[in-house]
K.L.:
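This is the structure I want to talk about, given as structure tokens.
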Amino acid sequence: MVSAAIVVLTKNGGLYVEELLGALFAQVGIGMHEVILIDSGSTDDTLTVAAEFPVRVEKIPARDFHHARTRNFAGSLVNSDVLVFLSQDAIPASNMWLTALLETFSDPRVGAVYGRQIARQNSSAERRDVFDTIYGEQRLVKDPALGNQLGYRFFHFSDANSAIRRSVWEATRFPEDLAVFEDIGIAKRILDAGWKIVYEPNAAVFHSHYHSTLGLFKRYFDIGFTLQRLKIWDSPGVGPSMLRDAGKLLKRKLSSGGTAGPAPGRIWQDAAKSLGFILGLNERYLPLSLKRHLSAHQIYEKAAAS
């Protein structure tokens with residue numbers, strides 16, 4: 001079995017950190033593994049809880065946090081065969097989670113693997129719908145040698161629950177020119193370099209966030225921008241497959257709402273996501289003064305600089 005270092009980026013994660021660390025040290029079927037917390041200015045009891053576990057804590061100023069740069073910094077701290085990245089609120093669903101991730105690397109052509117994300121019971125209907133669509137029960141092997149047969153899912157990758165072969169990370173690294181969705185960026189680099197990426201549903205975690213309708217609009221603006229900037233949207237099959245899945249999801253909502261139909265809020269959320277996504281794809285035609293209000297992560301600053 002390969003050696004692994006589990007990297008968790010924390011900031012005020014006290015609500016979940018104890019549960020997360022308990023789950024990490026309850027993993028079975030593997031040898032010793034290192035756990036590193038990169039904390040960017042927690043003011044709650046995150047560090048107090050972490051001190052109760054045999055973890056390595058590295059502190060960085062909150063102003064220095066950057067999704068890609070901080071993950072690259074974490075990778076530079078360890079020498080394990082595999083870097084495992086996990087969000088502070090992504091809780092392994094079983095004590096075989098890590099084994100399921102690491103066993104994938106028995107194939108020497110696998111550069112990265114990501115696991116299933118299961119929405120929590122108190123998650124919004126929107127998050128449950130999205131997770132049911134993109135995190136199914138079927139294992140996927142994305143092999144660039146065979147071409148893209150999965151549409152937009154070929155490029156999908158989430159570092160909220162993932163593992164990357166260290167040598168592959170060293171050759172690709174998270175793209176620091178992206179303010180967000182650095183996981184999509186590194187996935188494209190890995191695939192472009194000829195490595196396989198595997199989706200392993202047995203490596204499941206409970207994880208989800210709440211997004212307001214406005215928050216979804218801004219999030220999907222940033223997604224559209226990212227797919228366009230990385231030239232993923234123009235790849236064969238990406239657009240049609242995304243539209244096809246969106247249509248299936250909408251049809252399911254319309255048919256499952258009973259005599260009253262689906263909740264109006266869910267339809268408004270879909271409309272907000274679609275509009276944000278379209279505007280993000282076409283952000284180069286929008287004035288900076290407008291993009292300042294459309295982006296959740298101010299990625300328009302990167303667009304202006306490039």
Side-chain angles (χ1 to χ4, degrees), residues 12-13 15-16 19-20 23 67 86-94 97 114-140 150-153 155-162 180-181 183-184 199-227 233 238-281 293-297:
N12 294 335
L15 183 63
Y16 296 108
E19 182 182 9
L20 170 60
H67 286 285
L86 197 63
S87 290
Q88 65 181 7
D89 57 347
I91 312 300
S94 79
W97 159 79
Y114 67 107
R116 188 178 186 183
Q117 296 184 40
I118 303 171
R120 302 179 192 278
Q121 290 185 344
N122 61 351
S123 299
S124 67
E126 185 273 335
R127 286 293 89 185
R128 292 195 299 270
D129 289 339
V130 169
F131 281 16
D132 288 346
T133 299
I134 61 177
Y135 297 112
E137 298 180 355
Q138 180 181 359
R139 188 175 191 263
L140 301 175
L150 297 171
Y152 75 93
R153 294 190 186 193
F155 298 98
H156 180 248
F157 180 74
S158 173
D159 56 24
N161 175 27
S162 65
V180 72
F181 298 117
D183 41 12
I184 298 177
Y199 166 63
E200 177 50 72
N202 290 324
V205 299
F206 295 107
H207 179 236
S208 55
H209 292 287
Y210 169 79
H211 298 287
S212 67
T213 300
L214 178 60
L216 287 169
F217 170 86
K218 292 186 173 186
R219 175 179 175 82
Y220 276 76
F221 175 87
D222 290 351
I223 291 175
F225 167 85
T226 302
L227 295 186
W233 182 250
V238 170
S241 66
M242 185 173 287
L243 294 173
R244 183 174 61 249
D245 274 7
K248 289 180 180 178
L249 185 56
L250 179 60
K251 183 178 180 180
R252 187 164 71 240
K253 288 180 181 180
L254 293 172
S255 63
S256 64
T259 57
R266 296 174 68 182
I267 302 301
W268 277 114
Q269 286 183 332
D270 285 344
K273 289 159 62 174
S274 298
L275 178 58
F277 184 77
I278 292 170
L279 290 173
L281 287 175
H293 301 286
L294 301 184
S295 172
H297 300 277

K.L.:
Where is the tightest heavy-atom contact between Ser295 and Asp222, given as atom of each residue plus distance?
P.N.:
OG-OD1, 2.8 Å
K.L.:
State the CG-CD1 distance between Asn161 and Ile118, to the nearest 0.5 angstrom.
P.N.:
10.0 Å
K.L.:
Does a side-chain heavy-atom distance below 4.5 Å link His211 with His209?
P.N.:
yes
K.L.:
Hey, are the side chains of Phe217 and Leu294 touching, using non-hydrogen atoms and a 4.5 Å cut-off?
P.N.:
yes
K.L.:
State whether a side-chain donor-acceptor pair under 3.5 Å links Gln117 with Tyr135.
P.N.:
yes
K.L.:
Does the ring centre of Trp233 sit less than 6.0 Å away from the ring centre of Phe277?
P.N.:
yes
K.L.:
For Tyr114 together with His156, are the ring centres under 6.0 Å from each other?
P.N.:
yes
K.L.:
Please report the shortest heavy-atom distance between Ser241 and Gly151, naming the atom on each side.
P.N.:
OG-CA, 3.3 Å
K.L.:
When rounded to the nearest 0.5 angstrom, what distance separates OG in Ser208 from CZ in Phe131?
P.N.:
5.5 Å
K.L.:
For Ser123, is there any backbone N or O sitting under 3.5 Å from a side-chain donor or acceptor partner on Arg128?
P.N.:
yes
K.L.:
Go through the steps to decide whether Glu126 and Lys273 satisfy the test salt bridge (Lys or Arg N to Asp or Glu O under 4.0 Å), and finish with yes or no.
P.N.:
CA-CA 11 Å; Glu126 185 273 335; Lys273 289 159 62 174; 2.9 Å; yes
K.L.:
Taking the side chain as everything from C-beta on, heavy atoms only, tell me whether Leu281 gets closer than 4.5 Å to Phe225.
P.N.:
no
K.L.:
Apply side chain to side chain contact (heavy atoms under 4.5 Å, CB included) to residues Tyr199 and Arg116 and explain how you reach the verdict.
P.N.:
CA-CA 7 Å; Tyr199 166 63; Arg116 188 178 186 183; 3.2 Å; yes
K.L.:
So which heavy atom on Tyr210 is nearest to which on Ser124, and how close?
P.N.:
CD1-CB, 4.3 Å
K.L.:
Would you give the length of the straight line joining atom CG of Leu216 to atom CZ of Phe221, rounded to the nearest 0.5 angstrom?
P.N.:
15.0 Å
K.L.:
Side chains of Ile267 and Gln269: closer than 4.5 Å at any heavy-atom pair?
P.N.:
no
K.L.:
Roughly how far, to the nearest 0.5 Å, is the OH atom of Tyr152 from the CE atom of Met242?
P.N.:
6.0 Å
K.L.:
Specify the closest pair of heavy atoms between Thr213 and Ala272, including all atoms of both residues, with the distance to one decimal.
P.N.:
CG2-CB, 3.7 Å
K.L.:
Which pair of non-hydrogen atoms, one from Ala296 and one from Arg219, has the smallest distance, and what is that distance?
P.N.:
CB-N, 4.3 Å
K.L.:
Could you state the interatomic distance from CG (Leu20) to CG (Asp89), rounded to the nearest 0.5 Å?
P.N.:
9.0 Å
K.L.:
Is there a donor-acceptor contact under 3.5 Å from the side chain of Ser87 to the main chain of Ala90?
P.N.:
no
K.L.:
Which distance, rounded to the nearest 0.5 Å, do you find between the CZ of Arg120 and the CD1 of Ile91?
P.N.:
5.5 Å
K.L.:
Determine whether Asp132 and Arg127 satisfy the following criterion, side chain to side chain contact (heavy atoms under 4.5 Å, CB included), listing intermediate values before the conclusion.
P.N.:
CA-CA 8 Å; Asp132 288 346; Arg127 286 293 89 185; over 6 Å; no
K.L.:
Taking all atoms of both residues into account, what is the closest heavy-atom pair of Val238 and Phe155, and its distance?
P.N.:
CG2-CE1, 3.9 Å
